[in-house]
Amino acid sequence: MELSLLRTLLWLTMAVVTANVQNDPAGNQIVTFKEKTSGPIAIMTASSGAAIEEDETVTLNKRLLFNEYFMDSITHVVRERIPERLVHANAGGAFGYFEVTHDVTDICKAKLFSKVGKRTPVAARFSPVVIERGGTDTSRDARGFAIKFYTEDGNFDIVGFNTPMYAYKDPILFPAFVRAQKRNPATNLRDPNMLWDFLTLRPENLHMFLLVLSDRGIPDGYRHMPGFGIHTYQVVNEHGENHFIRFHFRPDQGLKTLTSEKARKIGGIDPDYNTRDLYTAIGNGDFPSWTASIQVLTLNDVKNAGFDVFDVTKVLPLDKYPLRLLGRFVLNKNPTNYFAEIEQLAFSPANLVPGILGAPDKVFEARRLAYRDSQYYRLGSNFNNIPVNCPFQKKTFTYNRDGEPPVKDNMRDIPNYYPNSFNGPVPYKDEDAVQLIEIYQDEPNNFEQSRELYINEMSPDERKRLVENILYGLGPTTKVIQERAVKLFDLIHPDLGERIWKGLQANRTSYDFDY
């Protein structure tokens, strides 16, 4: 009887394990490859195309320099890494389509929004901001939320975040913002003194960090993470009329987040938790989707808003500028090769299309340079020739030539200078061209919106956990930084300042670091 029961339990356990493997496209990828091929797919070759003879796969007691397999492999493997992204290095991503569900042609003439039902291919990349490649997906951090639309007018990129606001208003702060969150140059360790020193010296950052340190700071997988364009874009319709919009993307799977404790446990077991979840869901046919909406302002709204609507450290109040439905994007295809399609996937806010002029704020202007420069450094001057970055729905005709591969056909025999008299490509003329507006931006001050977030958008329990998370990071810092932080939190709201002060005064002899 006992032996029979043991056999039954063993059979059930094996059945569950088998079922889990069968429903795990990520863990089972290489097995799936074998199942869909009838045998070795080809005779292996060197990169030159020369077929490799079996005897060449062993080098003992043989001349190494005459072994092409050895030479080809050993010289390539040490060149396989490219420069890592300074930020957003660790990421998951996938491909799919964007579908227009609501007519917005009254405000924007961009062809990708031209009619209800129209679909445009997209690529998406989701990424923690600070951690290096190979770090844990479940760190407490803001996340990048980037979408590339492959339109018939070229690529359009929204390089957004999972927070509706950004950290700073003046782009000159970007190097300090990054360095303060990276490793101490002497110890090579994360240093809370560096981060909190910067945050308290430039308090406009605190609005975003209230979200990062709240319950919303650790998404439970990328499928349950919202996205925001952060900038207020200028768009134009067929009549040359200007409007201003902010993009919102809400996951149709619902918003889900992790507590600090659960995130630490998951990160210790599976540091690739978010990436695995996304790949597995798509592999099982459970395609994630996001509803796209926009907030719309007229030029008159901009002038009478009472605050800088182009300030990326602020949100546009939803009660004043309600969401207008736009469409839905679906991710239904995993990358075939991660390096080729996700690591080399290059975004830039400068990738715009007719009808979408970009944003007039300085952060957007700086990002137009910084992202392009980053891609040049990482991928070379011809990064847009890499297949995943190619505007494949639009034939390109540039005067750029040569440089690091890939150069594709290098524009063949077309003249390589403009202007010329020999029928090279010419620019088009838009008689109704609209220029991006110029704006004046005042000093950053978002304490009022930070107060609104703390009081009206967080429950008492959420405020309690926010304070705990702040103390977790602020506790190990110097007294000067702590005192400065308390004053700033008191400006956001006296209740928050008092809670932080009392927490710091409590008898705590040690702090654990949460990275």
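Worth knowing before you read on, the calculation uses all heavy atoms, side chains too, and leaves out hydrogens, waters and symmetry mates.
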Intermediate values then yes/no, side-chain hydrogen bond (donor to acceptor under 3.5 Å, both in side chains), Ser260 and Arg140: CA-CA 8 Å; Ser260 295; Arg140 183 170 292 281; 2.7 Å; yes
If I take atom [atom1] from residue [X] and atom [atom2] from residue [Y], how far apart are they, to the nearest 0.5 angstrom?
X      : Y      : atom1 : atom2 : result
Ser214 : Tyr454 : OG    : OH    : 12.0 Å
Glu56  : Ser73  : CD    : OG    : 10.0 Å
Leu213 : Ile218 : CG    : CD1   : 9.5 Å
Leu206 : Leu488 : CG    : CG    : 6.0 Å
Leu210 : Leu466 : CG    : CG    : 6.0 Å

Is there side-chain contact between [X] and [Y], with at least one heavy-atom pair below 4.5 Å?
X      : Y      : answer
Leu86  : Phe174 : yes
Thr280 : Arg223 : no
Ile230 : Arg367 : yes
Tyr273 : Asp220 : yes
Leu278 : Pro288 : yes
Tyr279 : Pro25  : yes
Leu474 : Pro192 : no
Arg264 : Glu261 : yes

Main-chain N/O of [Y] paired with [X] side-chain donor or acceptor, under 3.5 Å:
X      : Y      : answer
Glu404 : Asn382 : no
Thr477 : Gly473 : no
Ser127 : Ala91  : no
Asn155 : Asn351 : no
Arg324 : Pro322 : no
Asn90  : Arg133 : no
Tyr150 : Val388 : yes
Asp361 : Val363 : yes
Asn446 : Lys314 : no
Gln295 : Leu316 : yes

Run the ring-centre check on Phe228 versus Phe249 and record whether the distance is less than 6.0 Å. no
Does Tyr233 have its ring centroid less than 6.0 Å away from the ring centroid of Phe364? yes
Could you tell me which residues satisfy salt bridge (charged side-chain N to carboxylate O under 4.0 Å, His left out) with [X], sequence neighbours excluded, listed by chain and number?
X      : answer
Arg372 : none
Arg463 : none
Asp373 : none
Arg119 : Glu99

Residues forming a side-chain contact (heavy atoms from CB on, under 4.5 Å) with [X], sequence neighbours excluded:
X      : value
Ile172 : Asp170
Thr291 : Asp252, Ser293, Leu325
Lys408 : Asn385, Cys390
Ser381 : Tyr376

Quick one: side chain to side chain donor-acceptor pair (under 3.5 Å) partners of Thr232, sequence neighbours excluded? Arg246
Side chain to side chain donor-acceptor pair (under 3.5 Å) involving Glu452 - partner list, sequence neighbours excluded: Asn456
Taking side-chain hydrogen bond (donor to acceptor under 3.5 Å, both in side chains) as the cut-off, I'd like each qualifying pair that reaches into residues 332-350, sequence neighbours left out, listed once. Glu343-Arg378
Given Asp137 and Asn274, is the side-chain hydrogen bond (donor to acceptor under 3.5 Å, both in side chains) satisfied, shown in steps? CA-CA 6 Å; Asp137 283 352; Asn274 289 355; 4.9 Å; no
Looking only at heavy atoms, which two atoms of [X] and [Y] are closest? And how far apart?
X      : Y      : answer
Ile470 : Leu496 : CD1-CD1, 4.4 Å
His231 : Ala359 : CB-CB, 3.7 Å
Asn384 : Pro391 : O-CD, 4.2 Å
Leu331 : Ile282 : O-CG1, 3.8 Å
Ser139 : Pro128 : OG-CB, 4.2 Å
Pro251 : Pro226 : CD-CA, 3.7 Å

Checking side chain to side chain contact (heavy atoms under 4.5 Å, CB included) for the pair Lys182/Val178: CA distance, chi angles, key distance, verdict? CA-CA 6 Å; Lys182 291 289 188 177; Val178 172; 4.0 Å; yes
Apply the test side chain to side chain contact (heavy atoms under 4.5 Å, CB included) to residues Arg499 and Asp495: give CA-CA distance (whole Å), side-chain angles for both, the deciding distance (0.1 Å), then the verdict. CA-CA 6 Å; Arg499 290 191 190 199; Asp495 175 72; 3.2 Å; yes
Only residue of Phe161, Phe145, Tyr371, Phe347 satisfying ring pair (Phe, Tyr, Trp, His ring centres under 6.0 Å) with His88 is Phe161
Do you know which of Tyr222, Phe126, Phe98, Phe247 makes ring pair (Phe, Tyr, Trp, His ring centres under 6.0 Å) with Trp290? Phe126
Flag if over 12 foreign heavy atoms under 6.0 Å of [atom1], [X]:
X      : atom1 : value
Tyr377 : OH    : no
Arg250 : CZ    : no
Glu80  : CD    : yes

Residue pairs meeting salt bridge (Lys or Arg N to Asp or Glu O under 4.0 Å), one or both in residues 197-219, sequence neighbours left out, come to Asp197-Arg484, Arg202-Glu204, Asp215-Arg465
